[in-house]
Amino acid sequence: MTDYDFHALQARWQPVWESLDLFGAGRPTGGARRYLVDMFAYPSGDLHMGHAEAYAIGDALARYWFQRGYDVLHPVGWDAFGLPAENAAIRRNQHPADWTYANIATQAASFRRYGPSFDWRTRLHTSDESYYRWTQWLFLRFQRRGLAYRRLSAVNWCPADGTVLANEQVIAGRCERCDTEVTKRDLTQWFFKITAYADRLLDDMTKLEGHWPAPVLTQQRNWIGRSRGAYLNFGTIEVFTTRPDTVSGATFLVVAPDSALADELCAPGQRPSFETYRTEVRRKSELDRMATDRPKTGVFLGRYAPHPFTGAPVPIWTADYVLAAYGTGAIMAVPAHDQRDLDFARTFDLPVIPVAEDVPDADGPARDAAIERVIAEAEARGVGRGGVSYRLRDWLLSRQRFWGCPIPIVHCGRCGEVPVPDEQLPVRLPDLRGAALTPAGVSPLAAARDWVEVPCPACGGPAERDTDTMDTFVDSSWYFLRYPNPDYADGPFDPEALRTWLPVDQYVGGNEHAILHLLYARFFTKVLKDLGLVDFDEPFRALLNQGQVILNGAAMSKSKGNMVDLGEQLDTYGVDAMRLTMLFAGPPEDDIDWADVSPAGSVRFLGRALRLAGEVRSAPGADPATGDQALRRATHRLVRVITELIEAHRLNVAVARTMELVNAARKQIDDGHAGDPAVRETVEAVTIVLSLFAPYLAEEMWSRLGHEPGVAHAGWPAVDPALAAESTVVCAVQVNGKLRDRIEVPADITEADLTALALASPAAAGRAVTRTIVRPPKLVNLVVQP
Ligand code: ANZ
Ligand code: ZN
């Protein structure tokens, strides 16, 4: 019934495409440009279903831009450093580099089969020396500006694995790998001072409004968490409160148990119970501590502080529901207004005093006025000030792990932290193998003594390299800047190429990156702007979050054993049917349940489309104007609609409309009109539209239609507005109020188009029109000099 052999098509066209170098963007023509970035892949194993979906979406958009004649940059690269690769390699007794580059080779081969419109010259791997050299260079620019600094910090610690864990590796308070309860440990760590950019990260989001998914913007706002309120002094203890208007109801203070303040304040008699409590608290995750429904626990510290307005002694407690890292790490408790404070007061029998001039919590304006009054009074008395607090913390970037970018700092007993000079970059990873890679409490790099011990770059004395590596989110915070010229040797990115391509017009990726990666990339861009290295302050103009591919309502995971293997699916249904299924399943943002879709149905549809191409009997270039007008109107209307749908990223509906086009052509052929040039027009339009969704098949159709290979650049089908109009109406053309002509116009014609048509009509010929009165679509009155 069909001769659709997708394996044969893939084998035929893949080498042709490679030889034609269809998507090289190295040579922009000077026309309008579009830069599309798919979030780059993490090389753990082969490509999976999630990649197939994301890249089908990104590629459809990139190919659309190619067809519209833009200069398009659609790059490819790998986020190649990182902990999962390191762990997987250690488990397999392999070196992380060997494991990672083997996976990259596998994924690259899979990409070539999948056929995205990548410019392979952009290819980069963040673990290459030629890349991480510049990650280090950038780190040093941040450090010089005071935006990278070191301080003691409590980190997640897995006692069983003897290693520090990233927050993402702590699942419900336990180590993701061995399920041991995670504790806190104090280590000196590197941080990026992202908090210095909190306001700009928040305020610049107005530029992204309407171009980024609203939930992502909301999540970023909440993550940054700017609260307005006041800092009030209870003696030497400063608290942050969003409700200074309730200060008269403050009956006790609570200090975070893991703060230095609690430790300082604790009276000698209370120390044993305080320390026992603190040990307990350190085992708990922040999330647990913040949960409102937990029974309240805490310890009296044996001290009092004076109330800022009355001077009355207020008892100081410590309790886990106050976090060290938010506000000042200390609160005034107002049990009459705050539920957690009330629960605590009831548990420990502390007084509850209603606020005198009781402000209804819900009455915004009255409350705001009361807040302003109290702030003014506190400022007048010198016991406080209005201020803001942020939930955002500085970005902890040190990792005590091997497979990452080494931190280019040397520690010297005499000179302190000394940056490695630029000309000595990159600081290469030491050549460690086998057991030396296994983390054991300190970074594995510390074991490479001949690597660690170096002369101080400043004084030449004995010194040691920093043995931490950087969080992989550092690598991914700037890769999109290097893509346009990944071989650039004079800096992290080529300023000329940057001017050509940046910022990114469309970023495509999963919403697991709604916060960290996207926030970090935005932060980097702003710092680079301040350093004068780029001239824009938002990296991604538009963002599309594709959904996930799930199965029977559940996320696919190795541990659940419900993975659908992409390779097997591609073997069974072919690349094009897989891509089409991904796009047709629903809006790009929605999850796709693989149990609900039909790749076999996609195969059948593609087979029907292919058959059309073999049946067209008119010659290439035949004038469709002589063909069936009803088919032409259907075609132009559908192409117009498909264009609008693609522009709006409603790819699933665009696929559905393409199916209608196929049906329309089919009917005309079945009615015996295979030689009608209008049929060719329709089938060519189908082919070009399908080149976005099913490129191998489209190339084959294009060839059967008698064209040279390279359907990717055939050019988007031109829409004739008259044919594409939903319907036409007859418009009266009057001259000085008298009917002179009737013209057929699209029912939805614009005022400008109708004016132009009327002025070109015979009724206007040779007359000096002084004014036009246009009532689209039915009436035009031309006012002329008598
Ligand atoms: C007194 C008060 C009365 C408060 C009241 C709230 C309601 P957001 O909006 O999230 O910024 N708080 C301050 N620092 C804290 C910390 N380190 N750990 C836990 N809670 C802390 O929350 C600000 C409010 O959270 C602050 O205002 C403080 O409690 C508490 F009717 O002060 B409030
Ligand atoms: Zn020195």
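Computed from a predicted model, the values in this text were never measured in an experiment. We count ligands from 1, going down the list as the structure has it; atoms in each ligand are counted the same way. As a basis for the values below, the full set of heavy atoms in this structure was taken, side chains included, without hydrogen atoms, waters or symmetry mates.
- Pairs engaging residues 170-190 under the ring-ring contact (aromatic ring centres under 6.0 Å, His included) rule: Phe139-Trp190 [sequence neighbours left out].
- Where the criterion is an N or O separation shorter than 3.5 Å, residue side chain and backbone included, Thr241 meets it with respect to ligand 1.
- In this comparison of Tyr390, Tyr326, Tyr321, the heavy atom closest to atom 19 (C) of ligand 1 sits on Tyr321.
- Considering only non-hydrogen atoms, atom 3 (C) of ligand 1 lies nearest to Thr246 out of Asp320, Leu232, Thr246, Val355.
- Around the Zn ion (ligand 2), protein atoms of type N, O or S found under 2.8 Å number 4.
- A salt bridge is defined here as a Lys NZ or Arg NE, NH1 or NH2 lying under 4.0 Å from an Asp or Glu carboxylate O, and Glu275 with Arg271 meets this definition.
- Looking at ligand 1, you won't find any N or O of His337 less than 3.5 Å from one of its N or O atoms.
- Residue Ile331 touches ligand 1 through its side chain alone, judged by heavy-atom distances below 4.0 Å.
- Counting atoms of ligand 1 from 1 in the listed order, those under 4.0 Å from a heavy atom of Arg391 are 8 (P), 10 (O).
- Residue Leu323 has at least one N or O atom closer than 3.5 Å to an N or O atom of ligand 1.
- The shortest N or O to N or O distance between Ser227 and ligand 1 is under 3.5 Å.
- A salt bridge is absent between Arg346 and Asp341; no separation between the charged side-chain nitrogens and carboxylate oxygens falls under 4.0 Å.
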